[in-house]
Amino acid sequence: PNYTSVSDLSNMTNIKIEKLIRDLTKMGFTNVTHNYILSREYVELVLSSYNYKVEEQTSVLTPETVYDELKSPVNPKNLMKRPPIVTIMGHVDHGKTTILDYLRKSSIVSKEHGGITQHVGAFQVETPISKRRITFLDTPGHAAFLKMRERGATITDIVILVISAEDSLMPQTLEALKHARNSGNQMVVAITKIDRFSNPKQREAAIEKVNLDMMNHEIPIERIGGDVQVVPISARTGENMELLEESIVLLSDVMDLKAETGAQATLEGYILESEMKKTTGNVSTILITKGELRKGKVLICGNTYCKVRSIKNENGQEVAKATPAQAVEITGWKDLPGAGDEVIEVKNEATAKKYVAKRVALIQTLKESENVDRLNEERATKV
Ligand code: GDP
Ligand code: MG
């Protein structure tokens with residue numbers, strides 16, 4: 001931990017509290033009591049005087065990690081193939097929303113104000129030829145995703161980089177490219193708006209220009225022996241959209257994406273969105289990454305928990321269960337969970353309450369230590 005009270009330190013090390021207080025006082029600490037808070041550096045200093053090694057791997061208990069011990073260890077026997085989780089990135093107006101819209105077969109674009117995607121979530125499609133499922137996340141720039149990324153959780157497997165055949169590579173295309181590279185996502189390129197060229201020669205030339213620009217930016221496309229597939233499409237006419245979907249399936253097979261599935265694995269997931277509804281109370285969309293969600297299960301998230309009352313898929317239909325890479329809407333939360341927060345299954349409500357209390361207490365302690373720190377600093381500057 002970054003802060004430890006003297007009594008906690010005594011508990012952790014089995015060094016008698018009276019001895020700790022005596023020795024700390026000898027070392028120059030003043031007014032040491034059992035509640036005295038020590039920063040990590042001081043703890044290390046004190047412990048080194050006892051030849052006591054602070055092990056680096058002792059996991060730091062933070063509000064983010066306090067539930068980690070609830071997770072079940074990976075059991076290879078439960079690993080099963082799962083759908084890929086895909087986001088679409090690219091320059092503004094190159095057609096991200098139109099592709100999602102085509103895939104979702106509903107009119108998100110027309111409902112939007114100023115073309116900004118309002119709704120956060122995910123949906124699954126079944127591919128037309130291979131009959132496989134793909135999960136699309138629809139707003140990777142949203143706070144939930146930023147929060148997840150900050151914590152190093154990359155839930156996206158594949159990025160579709162959208163490049164308009166009319167514009168070719170633009171500043172945000174390069175941004176997206178950089179992001180995909182940094183986060184280690186695999187990539188498929190969709191050259192879009194090819195319906196804008198009625199003349200086949202002009203169309204070929206436009207597609208060729210995008211290809212050359214990609215090569216100049218060292219995108220390892222298949223043509224130069226790389227593994228990035230390039231699919232010219234029109235999200236307006238639907239031309240080659242099947243091909244795009246099948247390219248993703250192909251790539252996901254190469255990636256061999258798996259997740260622990262079934263009742264034996266402890267459920268894990270992330271909150272994509274969260275909302276208080278007049279009719280149903282607290283509702284959240286959860287993207288499942290492990291295990292199996294069923295009604296009656298108890299989930300913990302942040303300072304709240306949920307006894308799952310209902311599960312609905314993205315079409316608003318009640319479902320009995322949900323599995324990895326699926327996003328579903330659930331009800332039953334005591335308080336609203338935060339977007340981007342991790343969800344973990346617990347045995348029962350009593351366990352949930354116990355762990356929530358533990359987390360709340362930890363946050364309180366951290367706050368107090370910060371205050372103590374500030375007070376100590378103020379006192380030091382006064383002297
Ligand atoms: P986003 O900013 O990347 O989400 O781009 P949008 O999906 O909102 O698309 C921007 C504009 O391009 C809209 O007017 C779309 O109708 C249009 N558009 C998108 N894809 C295509 C396409 O394949 N063909 C044509 N002709 N227009 C498209
Ligand atoms: Mg858009």
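Index from 1, following the sequence. Note that this is a predicted model, so its numbers are computed, not measured. All ligand and atom numbering here is 1-based and tracks the order in the structure.
Closest heavy-atom approach to atom 28 (C) of ligand 1 within the set Lys193, Met241, Gln172: this belongs to Lys193. The closest heavy-atom contact to atom 26 (N) of ligand 1, among the options Thr237, Val162, Asp195, comes from Asp195. Across the listed options Glu239, Arg236, Glu166, Arg236 owns the non-hydrogen atom lying nearest to atom 17 (C) of ligand 1.
With hydrogens and angles left out, the side-chain atoms of Asn185 and Ser183 include a donor and acceptor closer than 3.5 Å. Donor-acceptor pairing under 3.5 Å is lacking for the side chains of Glu292 and Thr323. Side chains of Asn35 and Ser5: a donor-acceptor N/O pair is absent below 3.5 angstrom, by distance only. With hydrogens and angles left out, the side-chain atoms of Ser284 and Glu329 include no donor and acceptor closer than 3.5 Å.
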Show your working on side-chain hydrogen bond (donor to acceptor under 3.5 Å, both in side chains) between Ser7 and Ser10 and close with a plain yes or no. CA-CA 5 Å; Ser7 63; Ser10 163; over 6 Å; no
Show, in sequence, the C-alpha distance, side-chain angles and deciding distance for Asp167 and His94, and conclude whether the side-chain hydrogen bond (donor to acceptor under 3.5 Å, both in side chains) test is met. CA-CA 8 Å; Asp167 292 352; His94 276 197; 3.1 Å; yes
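Tyr355 and Tyr305 have their aromatic ring centers separated by at least 6.0 angstrom.
Of all the heavy atoms of Asp93, the ones lying under 4.0 Å from any atom of ligand 1 are found in both the backbone and the side chain. Only side-chain heavy atoms of Arg196 come within less than 4.0 Å of ligand 1; its backbone N, CA, C and O stay farther off. The parts of Thr97 lying near ligand 1 are both backbone and side chain, judged by heavy-atom distances below 4.0 Å.
Atom numbering of ligand 1 starts at 1 in the shown order; those under 4.0 Å from a heavy atom of His91 are 3 (O). Atoms of ligand 1 lying under 4.0 Å from at least one heavy atom of Ser234, given by number and element, are 23 (O). Here is the list of ligand 1 atoms found below 4.0 Å of a heavy atom in Thr192: 23 (O).
Side-chain contact between Phe123 and Leu103 is present, with at least one heavy-atom pair separated by less than 4.5 Å.
The shortest N or O to N or O distance between Val92 and ligand 1 is not below 3.5 Å.
With 2.8 Å as the limit, Thr97 counts as an N, O or S neighbour of the Mg ion (ligand 2).
Ligand 1 has at least one atom lying under 4.0 Å from a heavy atom of Ala235.
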